[in-house]
Every structure is written in C-alpha cells, then in structure tokens.
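Every chain is numbered from 1, with letters handed out A, B, ... down the list of sequences. Everything numeric in this text was worked out from a predicted model, so none of it was measured.
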Number of protein chains: 2
Amino acid sequence: MAQRKRQLVAAEITEAALQLCAVKGFDTTTVDEIVEAAGISRRTFFRYFSSKEDVAIQLLASLGTDMRDELRARPAGEPPATALRHAVGIAIDHCVDEPLKSLRVVQLILRTPVLHARMLERQAQWREGLTIELAVRLGRDPATDMFPEMAARMALAAFEAAMLHWSVSDGAADPHVLTDRAFAMIGPALDQAG
Amino acid sequence: MAQRKRQLVAAEITEAALQLCAVKGFDTTTVDEIVEAAGISRRTFFRYFSSKEDVAIQLLASLGTDMRDELRARPAGEPPATALRHAVGIAIDHCVDEPLKSLRVVQLILRTPVLHARMLERQAQWREGLTIELAVRLGRDPATDMFPEMAARMALAAFEAAMLHWSVSDGAADPHVLTDRAFAMIGPALDQAG
DNA sequence: CCGTCGATGGCACAGGGTGTCAATTGCGGC
DNA sequence: GCCGCAATTGACACCCTGTGCCATCGACGG
C-alpha cells in the first residue's frame, strides 16, 4: 500500500520531469521547476530520486536484470549468439511495447551528454551481469578468459547501435530488425570457440 | 610563451589533483583543496579546466584524434582488423611509455563511477571518428551500413577490455598482449565483408 | 611615463545534493 | 473517540560545483 503510493508519486515526478525536459532540455530544467510541476517539495524529490539524472536513468532500471534473467533462462546448449540475441531482445521488446514512451526517453538520453554518460555507466553494470552469466553457461573463468566479457561487450554494442539508429529514425525503423542487422555483424565472433 | 606557462600551470593543477584523489578519492576531494595545493585561486582553476572531472578526463584528450589519425595513415588495402589493431595500438603505446602515470589515471577513472561515465561518453566520440574514417576506407555509407560503426564499437570494446584487465593486474600484464587477446575475439567479425 | 591587454583573484549568485528537525498523516490499540 | 507510534513530508541551513562580473596586477609597446 505504501509501496503503491510511492510508485505513484515517482511516476508523477517522472512525468513532470520528462514533460519539462522535452520542452526546455535537460540541462536548463531545474529541480525546482520539476518539483513545482509535480506539486512536491524539493526535499521529497531527492527522497525519490538520488539525482536529477536519476529520473531519466531509473526508467531503464530493470533492463539489466531482465536481460540477465533471460540469458539465464535460455537453453543450456544454445549457441552464445542466439542466447545473447534473445537476452537483448527482452530490452528491445520494451521499446516495441511502448514506442512513444521509450522513444521519448531514448532520444532525451542520447541528445543529453550527461545522461548519455550515465547510461553508458549503467550499461557497464549490465555487461558485468551478462559476463558472469555467460561464463557460467560456457564453463569459462572470466578472470583469465576474456571471451565471456568480450561477447557481452559485443552484444551490448549491437544493442546500443540498434537503439541509436532507432532513435535517429524517430521510431520509423523496426528495433528488432535493426538489432538483427547489428547481430549479423558480431555473429562470426560470438559463434567461434574463443 | 604564454602557451608554455599555461601548460605548466595546468600540469601543476593536474599533479595536485591526482595526488589528492589518490589519497582521498575523487568524490571527497574538493576543488578548494586542489587549488590550495596548487597555489592558485578557485576561479583560475575553472579557467583551466571546465569541471573537476575534466582534470582527469583531459589526460585522455589526444587519444581519440591519435587513434583516428593512425587509422587514416594505415595502408588502404589493409584489412579492418589489422588497421584497427594498429589504431588502438597508438593509445596502448601511451600506457607502455608512461606506465606509472597512465596506470594511476586509469585506475582512478575505473574506480570512480562519475569519471568512468565521462570516459565512456568521450569514447563515444572516438567511436564516431573511427566510424567515419572506416567508412571512408571501405567505401561504405555509415548511415545505411552498420558495419563501420559496429567495427569501431568492437575495436573500442577490445581496447576497454584490455585497459580494464591491465588496471586490475596493477600494471603487471602487458597491455599489448591483452589487446591482442581481445582482438583475437573480434577478428572473425572484423574480417568478414559485413 | 602611460595606455593597453591578458591573466588573475575576489565576490556574489544559481543550481545540485544532504543533514536535521518539526509538522503532518495514517494506523492500530484502548 | 482518543492516544501513541511510525513513516512521510516540508522547511531550513549548509556544502560543493560552476559561472558572471569587476577590480587588480603585471608585461609590453608607444
């Protein structure tokens, strides 16, 4: 019950923030403007989000664990390229399910350097998760064997490339098609034994 | 003459900042502490560096253009994997030439999230440069053909992986050997026609 | 000796983020 | 209905980053 209210307030803050950022841009939008639009106090804002950037970044919060969980759920015998394609597909599905919301956030992040930086930092955490999961699947030691890490890096590179092209196409391109095209380029490296 | 003095002052600020960050960590080191150690005023600090993070990031400033220039200088007929390996090698050379300074900076950046994020953002700019250069070499259009972009992403992924492992090895591992190992993983994807 | 120009320092201010404390709200027990 | 308890909120003070503005100082040429 308290949890529900908390999510509701967070959603209101997020909506107000995205609305303002879409009009004024992220950097010129102040926290004071956001809290006024959301009808809360400045102090409360920072109880819901650890920083102004956090409002945008939080929207991608579950993607990392979702991708990792999907990778873990894939059949054990599946080749890395296929398993990683499905894992990344989970994140892509979010864009397909809610294209308007997703596109708005992705474009805001990609055209705001500080948000882009934070997203890349978060992606590095996703990579760690995928690396470990992949190492377990393949029975390799990620400390001495670079293949799980490099495979995770390549998969996320494909993901990011697909997101970028989807963003510049203004949502016109099919995210899954873009992802397939990107994965076609890294496939030969993922299927090798390493 | 004014240029020389400027570089000298910048070097002093950098040295003071790195010294303090090594002891106290980046986040808990304030600009006031740095300027006091460097013997300058707070205002002057921000005339030399646009932000506190800039002191650390600026040390990687030339890597992007250096890699791009090296890629441009490689023979036209050279396969992408070889050309990119040499381009990244330019950056690696800096680590080999001055291992103590480089390792200190790399470790500081990698263990400070906000600096890591800024470096990744800067890496994205390097990628754009490499992508364009690669597209020219291969006679492909990067807007419709993802291969140049994906190749640049993979090369930088290998670079980052090598830097990471070099950092955790505390400089014990040979950066070029690590880079070779990482490039061995992406080679099959770079040598294909796309 | 004087005027100019660039570098510097000091100051005030906006904005992000945090600690602290009082007021409010909501809820269960009596 | 009333009381006490806990959680949430709001308000204030504060630190830190970053910027605009202006006074100052020093070098250099006229």
Practice item. Identify the residue among L60(A), I57(A), I109(A) that makes a side-chain contact (heavy atoms from CB on, under 4.5 Å) with R118(A). Key: I57(A)

**Study point:** Nucleotide range of DNA chain D lying under 4.0 Å from chain B heavy atoms
**Key:** dC16(D) to dC21(D)

Check your understanding: What string of B, S and - do you get for nucleotides 5-11 of chain C 5' to 3' if you count protein non-hydrogen atoms under 4.0 Å?
Key -> --SBBBB

Practice item. Please report, rounded to the nearest Å, how far the P atom of dG17(C) is from the CZ atom of F49(A). Key: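 To the nearest whole Å, that distance equals 13 Å.
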
Point to revise | Separation of atom CD in E53(A) from atom C1' in dG15(C), rounded to whole Å | key: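 So the two atoms are 13 Å apart, to the nearest Å.
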
Point to revise | Contacts of type side chain to side chain donor-acceptor pair (under 3.5 Å), residue Q19(A), not counting sequence neighbours | key: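 Q19(A) satisfies side chain to side chain donor-acceptor pair (under 3.5 Å) with no residue once adjacent residues are dropped.
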
Check your understanding: Between R122(B) and E128(B), does at least one N-O distance fall below 4.0 Å, as a salt bridge requires?
Key ->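 No.
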
Point to revise | N/O donor-acceptor pair under 3.5 Å between R74(B) side chain and T82(B) backbone | key: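 It does not hold such a pair.
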
May I ask you to test the [X]-[Y] pair for a side-chain heavy-atom distance under 4.5 Å?
X: V35(A); Y: R43(A); value: no
X: L103(B); Y: W166(B); value: yes
X: F183(B); Y: V88(B); value: yes

Point to revise | Minimum-distance pair of heavy atoms, taken over all atoms of P148(A) and T131(A) | key: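 Closest heavy-atom pair between P148(A) and T131(A): CB-O, 3.7 Å.
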
Check your understanding: What nucleic acid atoms does T29(A) come within less than 4.0 Å of, heavy atoms only: base, sugar-phosphate, or nothing?
Key -> sugar-phosphate

